[in-house]
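Note that ligands are numbered from 1 as they come in the structure, with each ligand's atoms numbered from 1 the same way.
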Amino acid sequence: MSDIRLEGVTKRYGTFAAADQVDLSVTQGEFVTILGPSGSGKTTLLSLIAGLNRPTSGRIFIGGRDVTNATAQERNIGLVFQSYALFPHMTVLENVLFPLGVRKIGGAEADRLARDALKLVRLDGLEARRPSQLSGGQQQRVALARAVVFKPDILLLDEPLGALDRKLREELQVELKQLQRTLGVTTLLVTHDQEEALSLSDRIMVLDKGRTQQVAAPAEAYLKPANRFVAEFLGIANFVDLPDGRNGVVRPERVRFTAEGQGRPARVVEAIYLGQMVRYHLALDGNQSVVAAVPFLGTAHAPGERVSVSWESADVWPVT
Ligand SMILES: Nc1ncnc2c1ncn2[C@@H]1O[C@H](COP(=O)(O)OP(=O)(O)OP(=O)(O)O)[C@@H](O)[C@H]1O
Ligand SMILES: [Mg+2]
């Protein structure tokens, strides 16, 4: 069964379409990420699903029910935004109790649910603190606990980890994935971080200028991008000519160094050490350049060095 369904959802501001004929079906328990550059319409879509905003045309279904004209309160949705938006004058526990109070759940029942939610995000023990006494990561955990405490039908997350430093973000990505799996809650995450989208999601939806570019499993979108925009947005793409005159994309991990004479001659322009990998920018003879990413095994080619590279024709995906 489809838990969230968008049918031709369009949101116009004057003549400008922030969301343009968007279709999407998210199944029960699925984790879908909306990925796209700034201004592509990600927040617009989430706010339409949350009921904070109305579409100009199209329909929105949640759990099979047409909620296009339902208020936000009538949709049982947990929301987390990039800015923590915790109530600063309330304690951690009071923040998490808040959505229960709105739903007329109080007393021992509410207390138990709130403490369970805080345990789930590993904040038990910090119930009496105020948001100003927490780190950014802890504040975002409170926001998560507050979003799931009332057992929402769906969870909408708009750049929830965007304000955190890289290491903390990676830690919270793992926790978020575990939380989502534990609860089995249907989740839509918005991000402009390709790695985050590829690593967390069952499927990703790539948006550009309010329009869907592709909806696919992460590996499929990465290796079989629907078009040039998706190819470039999801990572480094080498565009190479195909024998039939079309253009194809090879990912850097698929480019190999070969023995001299067995591949295409190239010159190392730049060798960038990335820890586990080295990324080479190579100038092929002729006018093309390619990027290769290979595991770092103790030695690397130096800029200026002559090398040979090749790739399998099966690793070239035609794009338009
Ligand atoms: N109330 C509004 N009035 C006019 N234009 C708006 C309004 N809200 C959003 N837009 C425009 O709609 C487009 C999509 O905005 P949206 O906030 O959905 O982008 P986004 O993908 O979430 O971007 P970001 O990654 O920067 O958060 C933008 O061009 C924005 O300027
Ligand atoms: Mg946004």
Side-chain angles (χ1 to χ4, degrees), residues 4-24 26 31-60 62 67-69 71-72 75 77-86 136 139-140 143-144 146-147 152 154-166 168-170 172-173 176 180 186-201 203-216 218 221 225-235:
I4 306 172
R5 197 164 87 244
L6 308 184
E7 287 181 4
V9 169
T10 298
K11 178 66 186 180
R12 281 184 205 288
Y13 295 107
T15 55
F16 172 77
D20 196 355
Q21 290 288 336
V22 175
D23 296 318
L24 178 68
V26 183
F31 194 133
V32 172
T33 296
I34 304 175
L35 183 65
S38 183
S40 57
K42 305 181 297 294
T43 297
T44 299
L45 272 184
L46 274 207
S47 66
L48 292 171
I49 297 168
L52 304 173
N53 212 335
R54 294 278 174 279
T56 310
S57 60
R59 316 237 41 105
I60 299 171
I62 295 176
V67 298
T68 313
N69 295 308
T71 64
R75 313 178 190 195
I77 291 178
L79 275 176
V80 180
F81 293 109
Q82 176 174 358
S83 53
Y84 314 116
L86 297 176
Q139 290 183 42
Q140 210 51 333
L144 265 174
R146 195 178 57 178
I154 61 178
L155 190 55
L156 302 179
L157 310 167
D158 194 350
E159 306 255 8
L161 313 178
L164 308 175
D165 69 48
R166 187 186 172 92
L168 189 55
R169 201 165 68 217
E170 284 171 357
L172 273 171
Q173 283 170 0
L176 178 61
Q180 193 267 344
T186 307
T187 300
L188 259 184
L189 168 78
V190 159
T191 183
H192 57 247
D193 180 332
Q194 297 84 297
E195 270 180 44
E196 187 165 295
L198 292 173
S199 63
L200 287 180
S201 335
R203 287 188 301 152
I204 59 176
M205 173 193 219
V206 182
L207 268 191
D208 184 35
K209 302 191 181 78
R211 293 193 183 196
T212 310
Q213 304 300 308
Q214 186 167 14
V215 182
N227 56 39
R228 211 179 161 100
F229 176 85
V230 176
E232 290 187 305
F233 197 71
L234 289 187

- Protein residues that have a heavy atom under 4.0 Å from any atom of ligand 1, sorted by chain and number: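 Heavy-atom contacts below 4.0 Å: Tyr13, Phe16, Ala18, Pro37, Ser38, Gly39, Ser40, Gly41, Lys42, Thr43, Thr44.
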- Got more than 12 heavy atoms from elsewhere within 6.0 Å of CD, Glu195?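 No, the 6.0 Å shell around CD holds no more than 12 heavy atoms from other groups.
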To check you understand the geometry: which heavy-atom pair defines the closest contact between [X] and [Y], and what is its length?
X	Y	answer
Phe31	Leu189	CE2-CB, 3.7 Å
Arg169	Leu164	NH1-O, 3.7 Å
Ser40	Asp208	CB-CA, 4.1 Å
Phe233	Gly36	CZ-C, 3.5 Å

- Message: Below 2.8 Å, which protein N, O or S atoms neighbour the Mg ion (ligand 2), ignoring water?
- Response: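 Protein N/O/S atoms under 2.8 Å of the Mg ion (ligand 2): Thr43 OG1.
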- Query: Hey, which of Leu176, Leu46, Thr191 is the one that makes side chain to side chain contact (heavy atoms under 4.5 Å, CB included) with Leu157?
  - Reply: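 Filter result, single survivor: Leu176.
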- Message: Here's a test for you: under side chain to side chain contact (heavy atoms under 4.5 Å, CB included), which of Leu234, Val215, Val230 qualifies with Ile204?
- Response: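 Single side chain to side chain contact (heavy atoms under 4.5 Å, CB included) partner of Ile204 among Leu234, Val215, Val230: Leu234.
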- Just wondering, do Gln140 and Leu168 contact through their side chains at under 4.5 Å, heavy atoms?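 No - every pair of side-chain heavy atoms lies 4.5 Å or more apart.
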- Using side chain to side chain donor-acceptor pair (under 3.5 Å) as the criterion, point out the one residue from Thr56, Asp20, Asn53 that pairs with Lys11.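 Of the listed options, the one satisfying the test is Asn53.
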